[in-house]
Amino acid sequence: MSGSPAVVMRLVASAHTVAEKAGAIVRKVLHSGDLGIVEKTGANDLQTLADRLAQQSICASLSRRFPKITIIGEEELPAEEVREDLIESGHSEEILQKTCPAEYRELKEEELVVWVDPLDGTKEYTEASRCLRHQTDAQIPHHKGSDTYRPHSTALWLLDNVTVLIGIAYAGKAIAGVINQPFYNYQLGAGSALGRTMWGMPGLGAFGFQLQEVPGDKRIVTTTRSHSNKVVTDCVDAMEPHEVIRVGGAGNKIIQLVEGRASAYVFASPGCKKWDTCAPEAILHAVGGKLTDMHGNAYRYHANVKHMNSAGVLATLRNHEYYASRVPQSVLQALKSD
């Protein structure tokens, strides 16, 4: 009927609440102490119970409300009945009150592709869990049955790397994204509300955070913490950064950009996937930023594209051309553009 919210706005409103549910699942599994870790391709490519449950929750919740959308999740999971307690049927009323950009108002469910990373930063998540296990109860004030834990600084820093990513694409472009940061506010300790959810849509804006920029005379590069090699290092060095920040998670690196802690995200490696970049790219675009491969080409998010971002990732809030111009020829030759 006329006046009802556009399909894409209803999908984003649901994804926002679903991401919060997934974030709560991620916290609950950590606090249980039993991560159920499985190695997928090696020690740097892990899957935990939180990955599995969060993806089940996201995919089942969204497909129940939007049965015609295509959902592509990171984890390869067996087809099975999803527990009812994992289903989230709510939505963000605040998002439904927003005006949908004209170009997206008539989109149909079947035209939308949702890319899901249920737990971005799994390596940091598992390392944080190990840190927590080595502390005594006296070192971790907590209230049983609640989310409120206060880990030491190492675990805290690692948990800040963890995000839940839900990206929405149309005609191959990332048009909306939701990022939940399950452990945001951890440093405030017991009694504080844990987690936050940010979202954005090009043409509408981005919400849930305060946009900030690195001072114009500073070049601060954020890059991988655990997947580096000579090509990655050579590319970072070529940017002539004043500072390099090595953190986990693609979602976390985009947060570094939009909150003024880094000016460029440089990852000259094929290790990143479409579910890592779809949601962050949409939020970055919503505030005027840009994400490409190392050749300066946009990534496409059609349902049938290959999942690997083979030519690396270069993301900036401003001055993308400068950073793209600094990519060495040797790096371009090493990374084949899609």
Result block: side-chain N/O donor-acceptor pairs under 3.5 angstrom for residues 259-271, not counting sequence neighbours:
from, atom 1, to, atom 2, distance (Å)
Glu259, OE1, Arg196, NH2, 3.0
Glu259, OE1, Arg261, NH1, 3.3
Glu259, OE1, Arg261, NH2, 3.0
Glu259, OE2, Arg196, NH1, 2.7
Glu259, OE2, Arg196, NH2, 3.3
Arg261, NE, Gln256, OE1, 3.2
Ser263, OG, Ile220, N, 2.8
Ser263, OG, Ile220, O, 3.0
Ser263, OG, Tyr323, OH, 3.2
Ser269, OG, Gly271, N, 3.4

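- Contact annotation: the side chain of Leu35 approaches that of Tyr125 to within less than 4.5 Å [non-hydrogen atoms, C-beta and beyond].
- Atom CD of Gln97 has more than 12 neighbouring heavy atoms from other residues, nucleotides or ligands inside a 6.0 Å radius.
- A pairwise comparison of heavy atoms in Lys274 and Tyr301 identifies O-CE2, 3.6 Å as the closest pair.
- Partner Arg65 forms a side-chain contact (heavy atoms from CB on, under 4.5 Å) with one of His91, Glu109, Glu88 and no other, that one being His91.
- A heavy-atom distance below 4.5 Å is not found between the side chains of Val164 and Gln181.
- Residues Ile283 and Gly200 come closest through the heavy atom pair CG1-N, 3.6 Å.
- The nearest pair of heavy atoms linking Ile166 to Ala279 is O-CB, 3.3 Å.
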*asked:* Quick one, Arg225 with Glu124, criterion salt bridge (charged side-chain N to carboxylate O under 4.0 Å, His left out). Give me CA distance, side-chain angles, the key distance, then yes/no.
replied: CA-CA 9 Å; Arg225 174 176 171 264; Glu124 286 69 29; 2.8 Å; yes
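- Counting only N and O atoms by type, the side chains of Asn309 and Thr277 include a donor and acceptor under 3.5 Å apart.
- Inter-residue side-chain proximity for Val287 and Phe209 is flagged as met; some heavy-atom pair is nearer than 4.5 Å.
- Within the 4.5 Å cutoff, no side-chain heavy atoms of Leu49 are placed close to those of Asp34.
- Ring geometry for Trp115 against His307 counts as perpendicular: the plane angle is over 60°, on a 0 to 90° scale with 30° as the lower cut.
- Using a 4.5 Å heavy-atom cutoff, the side chains of Met239 and Cys235 are in contact.
- Connection of Leu96 to Val18 is not established within any shared hydrophobic cluster, with ILVMFWY side chains joined at heavy-atom distances below 4.5 Å, either directly or through further cluster members.
- Side-chain contact between Ile175 and Leu107 is present, with at least one heavy-atom pair separated by less than 4.5 Å.
- Side-chain contact between His302 and Val113 is absent, with no heavy-atom pair separated by less than 4.5 Å.
- Here the shortest heavy-atom pairing between Asn180 and Glu20 reads ND2-CA, 3.8 Å.
- For Thr99, the side-chain contact (heavy atoms from CB on, under 4.5 Å) partners at least two apart in sequence or on another chain are Arg105.
- Closest approach of Ile25 to Ser57, counting heavy atoms only: CD1-CB, 3.6 Å.
- Atom CD of Glu106 is surrounded by 12 or fewer heavy atoms from other residues, nucleotides or ligands within 6.0 Å.
- Side-chain contact between Thr292 and Asn297 is absent, with no heavy atoms from C-beta onward closer than 4.5 Å.
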Check the pair Glu75, Arg52 against salt bridge (charged side-chain N to carboxylate O under 4.0 Å, His left out), reporting the backbone distance first and the verdict last.
-> CA-CA 7 Å; Glu75 309 305 336; Arg52 298 188 288 275; over 6 Å; no
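- Residues Ile87 and Ala60 come closest through the heavy atom pair CD1-CB, 3.5 Å.
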